[in-house]
Structure formats: C-alpha cells, structure tokens
Amino acid sequence: AADFEIIIGGLGNPNALFYSDSDGKLYIADAGNNQIIRTDPTDATPVQELVSSGLTVPQSVVVNSDATKLYNTDYSSQVYGTSLTTWLDLPNFPSTIFGSGGYTEGGLVLGSGINSSGAGDYLYASNYSTGEIYKIDTGTGGSTVLVDYDNSSTDSSFQARGLALNPDESKLFITDYAGNNIIEYD
C-alpha cells in the first residue's frame, strides 16, 4: 500500500511512541528489547540511537518541551527519568510511586504546569492494576494520587491505561481499558 512505509524494522514489540517537536526525533519504547531508542524519521535510512536500556518491558515514553529530559515507565513500580544531555538518571528518579504490586501499562503524559500554582513540569501516570492516576512533580519526584477509582483485586471494572491532556491542560483524558470507555477528568 502506497500510504504505508516501514521506516524502522526489526524492533521487539514496539509499545509506545513519542514525537518531539523540539528535536524532531521519534522516541520508541521497544518492549521486547527492554529499551528506549530514538531516531530521526526524516532520514533516508533512520538510525536507531539507544537512549535507555535494562528496562522491564517499557510501556510508555514522553520527552519534555526542550528535549532535554525523557521519562518512561515499564512493568515495574517505577517512573524513570533520564537526562538527554548527560545520559544520567535525573535527580529524584527513578521514582517508585506505585508501591508493591502496582505497575504502569501505557499511561504517562507530561504537563507543563499551565494550570498549577507552581512552575515546572508534571507527569501524570496511570496504575493499570489499581485504576489510580498519579501526578508527579518532575523537580522532586514526589507524587500525589490525583484520581483513585478504588479498584480492588476482585474488581477489575476500571483499568486506567492511556492518558492525554488537552492543550490548556484543564482536562485529563483516561482510557478505561476494561470498560471500553474514555474518561474525562477536570
């Protein structure tokens, strides 16, 4: 089909993508290879550059607005932060926010704090196993439960997975994987 072109092949279950307007790179959560890679999708032959490795089936990836910080989740209870200038862990990351038994599966979005009282970026992360949505301060790594659907181990009626913010960050959209719904939270 003329509408489709494979630009990168040979990945191991690519799970999530993030395109950065700032650096023009495509960031890929390569779950089967337990890594995050990036590439310039406009190159004639895109080269894969390793960004982060040693993960456990990466689930999500986001990059801040000036392409200096990358955040990602995997099947652990942690949110990872990596400097894209020094390649080191960001201060206060990895941040263990989900406690024992919790893990993210696809839900991570970066907000600029437009609607918050303080300056700085915030991450929103979903805990698939509990239905909780966390707001994480990227400066401190501290987190608060923003949404708690009180999902017990016997009630899988709500499984928060994908997240998105509207442009002015006044609304958070959440996929309800098990219920086949999209939830709007303001």
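These numbers come from a predicted model, not from an experiment.
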Give a yes-or-no answer on whether the side chains of [X] and [Y] include a donor-acceptor pair shorter than 3.5 Å.
X	Y	answer
T85	T68	no
D74	N72	no
N13	N15	no

Considering only Ile, Leu, Val, Met, Phe, Trp and Tyr, and joining two whenever side-chain heavy atoms are under 4.5 Å apart, list the other residues clustered with L88.
-> none
Enter the distance from [X]:[atom1] to [Y]:[atom2] here, rounded to the nearest 0.5 Å.
X	Y	atom1	atom2	result
Y134	S126	OH	OG	10.5 Å
L70	K25	CG	NZ	13.5 Å
L163	L146	CG	CG	10.0 Å

Worked verdict on D43 versus T39 for side chain to side chain donor-acceptor pair (under 3.5 Å) = CA-CA 8 Å; D43 284 349; T39 190; 5.6 Å; no
Residues D186, K171: salt bridge by 4.0 Å N-O rule | yes
Any non-hydrogen side-chain atom of [X] less than 4.5 Å from a side-chain atom of [Y]?
X	Y	result
L90	T82	no
F93	V79	yes
I182	D176	no

Side-chain polar contacts of residues 46-58 - donor-acceptor pairs under 3.5 angstrom, sequence neighbours left out - could you list them?
{"unit_1": "E49", "atom_1": "OE1", "unit_2": "R38", "atom_2": "NE", "d": "2.9"}
{"unit_1": "E49", "atom_1": "OE1", "unit_2": "R38", "atom_2": "NH2", "d": "3.3"}
{"unit_1": "E49", "atom_1": "OE2", "unit_2": "R38", "atom_2": "NH2", "d": "3.3"}

Looking at Y19 versus Y27, is the centre-to-centre ring distance below 6.0 Å?
->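 No; Y27 has its ring centre 6.0 Å or more from that of Y19.
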With K135 as the cation and Y124 as the aromatic partner, state whether NZ or CZ is under 6.0 Å from the six-membered ring centre and within 45° of the axis.
-> no
